[in-house]
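What follows is one structure encoded as structure tokens, with my remarks underneath.
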Protein chains: 2
Amino acid sequence: MNQPFEPIRLEPAYRKVAAALIERITARSFNSGDRLPSETALAQQFGVNRSTVREALRELQTAGLLTRSRGSKLMMVTRPQADHVANSVSRALVLHDVTFLHVWESMSMFEPLIAEAAAKRRNDTDLALLQQAQESFVLHKEDTARCVHHVAEFFGVIAAASHNPVLVLAQEPLIQLLEPSLGAMIDRVAQARSRIVAAQRRLSEAIRERNADDARTWMAKHIRDFRRGYEVAGIDLEVKIKV
Amino acid sequence: MNQPFEPIRLEPAYRKVAAALIERITARSFNSGDRLPSETALAQQFGVNRSTVREALRELQTAGLLTRSRGSKLMMVTRPQADHVANSVSRALVLHDVTFLHVWESMSMFEPLIAEAAAKRRNDTDLALLQQAQESFVLHKEDTARCVHHVAEFFGVIAAASHNPVLVLAQEPLIQLLEPSLGAMIDRVAQARSRIVAAQRRLSEAIRERNADDARTWMAKHIRDFRRGYEVAGIDLEVKIKV
DNA sequence: GAAGCTGATATTGTCGGACAATCAGCAATT
DNA sequence: AATTGCTGATTGTCCGACAATATCAGCTTC
């Protein structure tokens, strides 16, 4: 008789509603692009108040499962976009006191392998996007914010070229965390821009020729270069990243 | 005068409130473990209705920034836990039609390097946890659900031993996605359990001795083994993972 | 027939108030 | 000292309301 009872957990209604909706979406009963029923309709169907439904909707919205296209009233079911998910991952990492060194180490581990996979599996569309990102960087060399954005784009295109959604999603938060400081680095290190241009050229060349080894090694160099850039710029790698 | 106006976006109040709260938390004005003011207090401070505050709170809750400790009424500020964040990442991946092959490929890329980092940086606590996970697996060999859970734990401990939060968070969703099917595999493949035990022993040995090379290669073998297990069990690797 | 305008309708965002359930802390009781 | 009962604070949920505006059908115009 010494057996303790399991703690009985009663979930609030808004959580149940959210769970029910999520279940429907992941089971593909709602397809991406479909419009959700109106709040009042949902409230009626679930037999709860509209306020309760609204609280549930906030949850789905935060999870990236619902979006409203620019200034529109209707809510659309959608597949969570990489940048949205990565956003909350980034925030989590910041709150876990992640440092530049942590991020850099992870990138030096992952990126070469991602580049290798991209070289093996890229298709023509990937190549076009890659070249476009590359050209955009050169074109906006002067505008720091913009060219940093194109560096991020370049990495994103490479990950996408691997045709493995896991790699895309794993990489995105790293880029997000690095982006702000990357601007500072580029501004302080004279040759940074030209070195990036050179690395991108080698990389896209290797990927175009499906040369996995070259892609890997050039990416490894590229990442090492970033670290040197940070050191030259006098950015402490052990410092915790802020938002 | 040709400059087009930027689309003016008017954010709803619940989003502004959420943003304000998130800003406070990431800026460490609220520390982990602090409890949030009551909903009515927040409503007064922000000058909005309590319903609006509640919608904002749902967002923070979903992001893992707020938790309620078991059946307690008070909301606690907290650092997003890995499993919570990984949950939404997993869901996102599922909705992006991720296959077992995608997950396996990512693990075969990441895990050996993670094991290598763990071997280099593990401390005594990590070792103890590793051994504990290892023993738990052996102890519950019969209970499939439980021993799968301990496989996940083993991987988690290795990632933690790298002392790089990025690696911990990058790995978690992969394990989560694999966990259910891993049970099916283990049940169908006779020697699966013993092979896992052997691999875990080699791995923790390598990590104990800080032998990075061994850790890497044994992990690589371990991961390859998983794939063979899936194939033997007749699980189609190209199939999309469901929740 | 296509394109543009118009007004009715539906939907969202926000508010105020209300009430039951229950959790925390304190007083009373044994 | 430990247990029980009480009280106030807090959450979960509901109802009803209203302004702003997105949507859509119908009408007008070319």
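In what follows, every chain begins at residue 1, and chains take the letters A, B, ... in the order their sequences are listed. FYI, side chains are in, hydrogens and waters are out, and symmetry mates aren't considered; it's all heavy atoms of this structure.
B/R58 comes within 4.0 angstrom of the backbone, heavy atoms only, and of no base. Across all strands, A/R35 comes closer than 4.0 Å only to sugar-phosphate atoms, never to a base (heavy-atom distances).
Nearest nucleotide to the side chain of B/N49, out of D/dT23, C/dC15, C/dT11: C/dC15. Checking C/dT14, D/dG12, C/dG13 against every side-chain atom of A/R68, the shortest atom distance belongs to C/dG13. Residue A/S72 has its side chain nearest to D/dA22 when only D/dT13, C/dT14, D/dA22 are considered. Closest approach to the A/E39 side chain among C/dG13, C/dT14, D/dC14 is made by C/dG13 (side chain taken as heavy atoms from C-beta onward).
Whole-Å rounding puts the B/L42 CG to D/dG12 P distance at 13 Å. Regarding B/E11, its CD atom lies at a distance of 18 Å from the C1' atom of D/dT21, rounded to whole Å. Atoms CE (B/M76) and P (D/dT10) sit 17 Å apart, rounded to a whole Å. B/R54 has its CZ atom 15 Å from the P atom of C/dC15, to the nearest Å. Look at CG on A/L66: it is 11 Å from P on C/dG13, rounded to the nearest Å. The CD-P distance, from B/E55 to C/dT12, rounds to 12 Å in whole Å. A straight line from CZ of A/F46 to P of D/dC14 spans 13 Å, rounded to a whole angstrom.
Of the side-chain N and O atoms in A/T52, none sit less than 4.0 angstrom from OP1 or OP2 of D/dG12. At the phosphate of C/dT14, neither OP1 nor OP2 sits under 4.0 Å from any side-chain N or O atom of B/Y14. At D/dC15, none of the side-chain N or O atoms of A/S51 fall inside 4.0 Å of OP1 or OP2 (strictly under the cut-off).
Remark: the A/R50 side chain and the C/dG13 base include a donor-acceptor N/O pair separated by less than 3.5 Å. If you check distances only, the side chain of A/K73 does reach the base of D/dT21 with a donor-acceptor pair under 3.5 Å.
Between A/P165 and B/H96 the shortest heavy-atom distance is CG-O, 4.1 Å. For A/A233 against A/R188, the heavy-atom pair with the smallest separation is O-NH1, 3.0 Å.
B/H102 and B/D97 are not linked by any side-chain donor-acceptor pair at a separation below 3.5 angstrom, with hydrogens and angles left out of the test.
Of the charged side-chain nitrogens involved, at least one lies within less than 4.0 Å of a carboxylate oxygen, so that A/E59 and A/R15 count as a salt-bridged pair.
Checking B/I175, B/L167, B/L169 one by one against B/Q171, the side-chain contact (heavy atoms from CB on, under 4.5 Å) holds for a single residue, B/I175.
Along DNA chain D, the nucleotide nearest A/L74 and the nucleotide nearest A/G47 are compared for position; the residue whose nucleotide lies closer to the 5' end is A/G47.
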